[in-house]
There are 2 protein chains.
Amino acid sequence: MQLRMTNQREIILRELKKSRQHLSADELYDKVKKYMPRISLATVYRNLEILSEAGFIGKLEISGRQKRFDYDVTEHDHVYCAVCHRVDNLNIERQGLHTREIKSVKGYSVTGYRLEIVGICPACQKKAKQEKKK
Amino acid sequence: MQLRMTNQREIILRELKKSRQHLSADELYDKVKKYMPRISLATVYRNLEILSEAGFIGKLEISGRQKRFDYDVTEHDHVYCAVCHRVDNLNIERQGLHTREIKSVKGYSVTGYRLEIVGICPACQKKAKQEKKK
DNA sequence: TTAGTTTTAATAATCGTTATTATTTATGGA
DNA sequence: TCCATAAATAATAACGATTATTAAAACTAA
């Protein structure tokens with residue numbers, strides 16, 4: 001795990017942590033450009049991959065959409081908004097998921113699982129209500 | 001839910017159910033082409049969308065990969081192989097996921113959730129073993 | 001039968017991401 | 001310090017999956 005912390009990586013990492021959101025590569029690209037106007041989008045993609053590989057950040061592959069990256073590397077699940085695709089961290093009890101049956105299903109050797117709660121975020125609920133009034 | 005069952009839709013639906021697998025649009029396109037050589041890939045995509053919208057089939061959006069479609073519309077979860085991306089149906093107990101806390105997290109109005117067990121399928125485990133021997 | 005609607009095939013366009021490549025930047029000895 | 005080489009970068013082309021466009025064909029209902 002010899003990872004050279006280049007300027008680009010440092011700023012990418014810093015901006016992700018600073019945002020405290022689950023940003024996509026291009027959202028992060030916009031933020032990083034303010035400090036490094038000449039950085040390339042491919043560099044952002046490549047380094048997000050490298051940083052998540054090295055365990056500095058988490059990679060979120062949510063339901064067929066754009067990948068998002070997570071500033072929080074501790075074990076947790078996610079809620080995501082079906083309307084605006086915002087993602088939030090979640091710390092629900094994982095009990096009932098550590099049962100024997102999950103350890104080996106259908107002959108698979110199980111390495112983990114992904115739990116996504118799907119819903120509508122507060123902001124989108126509010127918007128929907130206001131739409132109704134019209 | 002007035003859905004005209006065209007020949008194209010009929011055959012797409014039939015081939016998906018026949019396969020009893022979680023096929024992607026292009027895999028299904030290959031199968032359907034045998035009966036309708038002139039069908040267009042876009043037609044397959046469009047009708048898979050329509051059929052899943054109407055509840056005839058399920059749509060699987062697994063972790064950043066190609067969408068797959070499910071012949072089984074009853075409520076269930078999935079295991080998928082991290083190596084070959086094969087997907088299998090699963091009927092594990094959903095207890096511990098119907099708790100109060102899940103109903104409303106972080107102000108979200110919860111509509112559902114997706115649980116993916118990740119692992120290595122029997123075929124890929126076997127392959128890995130044979131690789132080791134060499 | 002005909003006018004209007006829906007669906008289709010063919011294909012262009014788009015979106016997110018990865019690959020290529022020439023250039024720049026760092027690194028580790030002589 | 002200088003040089004060789006290794007790694008990382010910016011720019012951009014290419015890619016794979018999916019969606020949009022459009023003109024033609026197939027239905028449907030008066």
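Letters A, B, ... are given to chains in the order of the sequence lines, protein chains preceding strands, and every chain is numbered from 1. Just so you know, these numbers come straight off a predicted model, no measurement behind them.
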Mind calculating the distance between [atom1] ([X]) and [atom2] ([N]) to the nearest angstrom?
X	N	atom1	atom2	value
Leu23(B)	dA17(D)	CG	C1'	16 Å
Gln66(A)	dT19(D)	CD	C1'	16 Å
Ile39(A)	dT24(C)	CD1	P	17 Å
Met36(B)	dT7(C)	CE	C1'	11 Å
Leu41(A)	dT12(D)	CG	P	13 Å
Glu53(B)	dT19(D)	CD	C1'	15 Å
Leu3(A)	dA6(D)	CG	P	19 Å
Tyr29(B)	dT18(D)	OH	P	15 Å

With the side chain of [X] defined as its heavy atoms from C-beta on, choose the nearest nucleotide among [options].
X	options	answer
Lys67(B)	dA9(C), dT19(D), dT17(C)	dT19(D)
Arg46(B)	dA11(D), dG16(C), dA9(C)	dA9(C)
Arg4(A)	dA9(C), dT17(C), dA26(C)	dA26(C)
Thr43(A)	dA9(C), dA10(C), dA10(D)	dA10(D)

Review point. Heavy atoms under 4.0 Å, any strand shown: does Gln8(A) hit a base, just sugar-phosphate, or nothing?
Key: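 The answer is sugar-phosphate, as Gln8(A) gets under 4.0 Å only of primed atoms, P, OP1 or OP2.
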Practice item. Answer yes or no: does atom NZ of Lys31(A) have more than 12 heavy-atom neighbours from other residues, nucleotides or ligands under 6.0 Å? Key: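 12 or below, so no.
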**Study point:** Given DNA chain D, 5'-ward residue of the pair Asn7(A) and Ser24(B), judged by closest heavy atom
**Key:**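 Checking each residue's closest nucleotide, the 5'-ward one belongs to Asn7(A).
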For [N], does either OP1 or OP2 sit under 4.0 Å from a side-chain N or O belonging to [X]?
X	N	value
Thr6(A)	dT9(D)	yes
Tyr45(A)	dT18(C)	no
Arg38(A)	dT9(D)	no
Asn47(B)	dT8(C)	yes

Check your understanding: If you measure only the distance, is there a donor-acceptor pair under 3.5 Å linking the side chains of Asp88(A) and Gln21(A)?
Key ->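 Distance-only check fails for Asp88(A) and Gln21(A).
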Check your understanding: Using the ring of each side chain (for Trp, its six-membered ring), is His78(A) parallel, tilted or perpendicular to His22(A), with breaks at 30° and 60°?
Key ->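 Because their plane-to-plane angle is over 60°, the rings of His78(A) and His22(A) count as perpendicular.
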Check your understanding: Name the one of Leu28(B), Ile39(B), Ile11(B) that satisfies side chain to side chain contact (heavy atoms under 4.5 Å, CB included) with Lys33(B)?
Key ->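 Option passing the side chain to side chain contact (heavy atoms under 4.5 Å, CB included) with Lys33(B): Ile39(B).
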Check your understanding: Pick the nucleotide of DNA chain C nearest each of Arg9(B) and Pro37(B); which residue has the one closer to the 5' end?
Key ->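 This one resolves to Arg9(B).
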Review point. Hey, is Glu15(B) close enough to Lys18(B) for a salt bridge, meaning N to O under 4.0 Å?
Key: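 Between Lys18(B) and Glu15(B) there is a salt bridge, with a charged N closer than 4.0 Å to a carboxylate O.
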